[in-house]
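I have placed the structure first, in the form of structure tokens, so that the comments after it can refer back to it.
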There are 2 protein chains.
Amino acid sequence: MELKELIERYQTAINQVYRRVNLILKDKIHSDITTDQFSTLHYIIKNAKCTSTDVANEFGIGKSAVTAQINRLVDKELIERERDEEDRRVVYLHVTEKGVNFVNYTEKALYEVLGDYLKNFEKDEIYTFIQSLEKLAKIMNDE
Amino acid sequence: MELKELIERYQTAINQVYRRVNLILKDKIHSDITTDQFSTLHYIIKNAKCTSTDVANEFGIGKSAVTAQINRLVDKELIERERDEEDRRVVYLHVTEKGVNFVNYTEKALYEVLGDYLKNFEKDEIYTFIQSLEKLAKIMNDE
DNA sequence: ATTAAATAGTTCACCTTGTGAACTATATTA
DNA sequence: TAATATAGTTCACAAGGTGAACTATTTAAT
């Protein structure tokens, strides 16, 4: 099989999966938040006391984009900013209790749907798949 | 292993791959076009004489969003609109010669980079991976 | 045959997300 | 102490998305 064909099949399939997960998320997040905002919240919960710069690096976007995003989340009282007393340039981000509850709730709903899909797979198939995916991500990140 | 952990690993890895492919595309497309516009062009080439509604369905977005995108591509002379003479509500889309050349050129550059990454994988590993991915996409699409 | 309903696409007002340059404030180093 | 680096914000601007209202056309119903 041709490399080109493999890549096109990959692109088509990955786009469909990506879009579908997004639609499920959108469906499960009945509240007033976008999937991007959800991802940001999720990252900040998993990486407590991170900074804007961390978020910018994680998502590969500029710091000004992060400022705007954090502003929207602060407006919704899902995130709080806290300035470092040692180095007063630094601003730490943390998710409020409201934010944590919200993410937990949404995550649970999302995982139920995804879990349903995964019933169609053998355990081994899932492991192998994720291992390949992680290998690819690692290779790409290491440049 | 927990379902939750599997899904989180999947999400992290898939996001990294998605972002990296986007960065490569952005890098290879030195011209004045976005990755979204590239995806649209690519789809229209692969699906000759498709309509706005087709594009909207493929990408899971509204028709008004497609109109705006097609307008941008028409402005750049990469796409042309053609009204059906039978059913005058319908507008067919096709990519101009300029557009086709542009996509071919960019695709080639992209595939070279991706091909390099794939050298780290056994052929079997790639097939298995893509088959699992396509299976997942199919299950999700069939609802 | 005429009216009602469906379909394809566009326009509009509005929101989110991104960029990059210029800026403020603080820390580091030469 | 002066120059430079770093963290984050602000601003003007563009792409891309939504959903409702609209035009134009075709199809279905009475």
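Source: prediction; values computed, not measured. Below, chain A is the first sequence line, B the second, and so on; all start at residue 1.
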Without swapping roles, check the side chain of Asn120(B) against the backbone of Tyr117(B) for a donor-acceptor pair under 3.5 Å.
-> yes

Residue pair Gly60(A)/Val66(B) against DNA chain C: nearer the 5' end by closest nucleotide is Val66(B)

Quick one: which of dA15(D), dT19(C), dG8(D) gets closest to the side chain of Thr34(B)?
-> dA15(D)

May I ask you to verify whether the side chain of Arg89(B) and the base of dT7(C) hold a donor-acceptor pair under 3.5 Å?
-> yes

Round to a whole Å and report the spacing from CD1 of Ile70(A) to P of dT10(D).
-> 13 Å

Please state how far atom CG in Asn22(A) lies from atom P in dT16(C), giving the value in whole angstrom units.
-> 16 Å

Give the nucleotide from the list dA8(C), dT25(D), dA7(D) with an atom nearest to the side chain of Val90(B).
-> dA8(C)

Closest to the Lys63(A) side chain, choosing from dA7(D), dG18(C), dG9(C) = dA7(D)

Does Arg83(B) make a side-chain N or O approach to OP1 or OP2 of dA24(D) shorter than 4.0 Å?
-> no

Tell me: CZ of Arg88(A) to C1' of dT24(C), nearest whole Å?
-> 13 Å

Gap between atoms CG and C1', on Leu25(A) and dT16(C) respectively (whole Å) = 16 Å

Within the side chain of Ser132(B), is there an N or O that forms a donor-acceptor pair under 3.5 Å with the backbone of Phe129(A)?
-> no

Distance below 4.0 Å between Thr53(A) side-chain N/O and dG8(D) OP1 or OP2 | yes

Check every strand shown and say whether Ser52(A) touches a base, only sugar-phosphate, or nothing at a heavy-atom separation below 4.0 Å.
-> sugar-phosphate

Is any N or O donor-acceptor pair between the side chain of Ser64(A) and the base of dG20(C) shorter than 3.5 Å?
-> yes

Separation of dT10(C) atom C1' from Leu93(B) atom CG, nearest Å, is 13 Å

Between the side chain of Asn101(B) and the main-chain N/O of Lys98(B), is any donor-acceptor distance below 3.5 Å?
-> no

Establish, with yes or no, whether the OP1 or OP2 oxygen of dG16(D) is under 4.0 angstrom from a side-chain nitrogen or oxygen of Arg72(B).
-> yes

Rounding to a whole Å, what distance do you find between Phe38(A):CZ and dT16(C):P?
-> 18 Å

Compare the minimum distances between each of dG16(D), dT11(C), dT16(C) and the side chain of Gln37(B), then state the nucleotide with the smallest one.
-> dG16(D)

Do the rings of Phe38(B) and Phe102(B) sit parallel, tilted or perpendicular, given the 30° and 60° boundaries?
-> perpendicular

Which is true for Arg81(B) with a 4.0 Å heavy-atom rule: it touches a base, it touches only sugar-phosphate, or it touches nothing?
-> sugar-phosphate

With heavy atoms under 4.0 Å as the rule, sort Ala65(B) into base, sugar-phosphate or nothing.
-> base

Calculate the interatomic distance between Asp84(B) atom CG and dT7(C) atom C1'; express it in whole Å.
-> 13 Å

Side-chain donor/acceptor of Lys4(A) to backbone N/O of Lys108(B), under 3.5 Å = no

Starting at NZ of Lys76(B) and ending at C1' of dA14(D), how long is that distance when rounded to a whole Å?
-> 10 Å

Polar side-chain atom of Thr96(B) near backbone of Glu77(B) as donor-acceptor pair, under 3.5 Å = yes

Residue met sooner reading DNA chain C from 5', once Gly62(A) and Glu86(A) are mapped to nucleotides = Gly62(A)

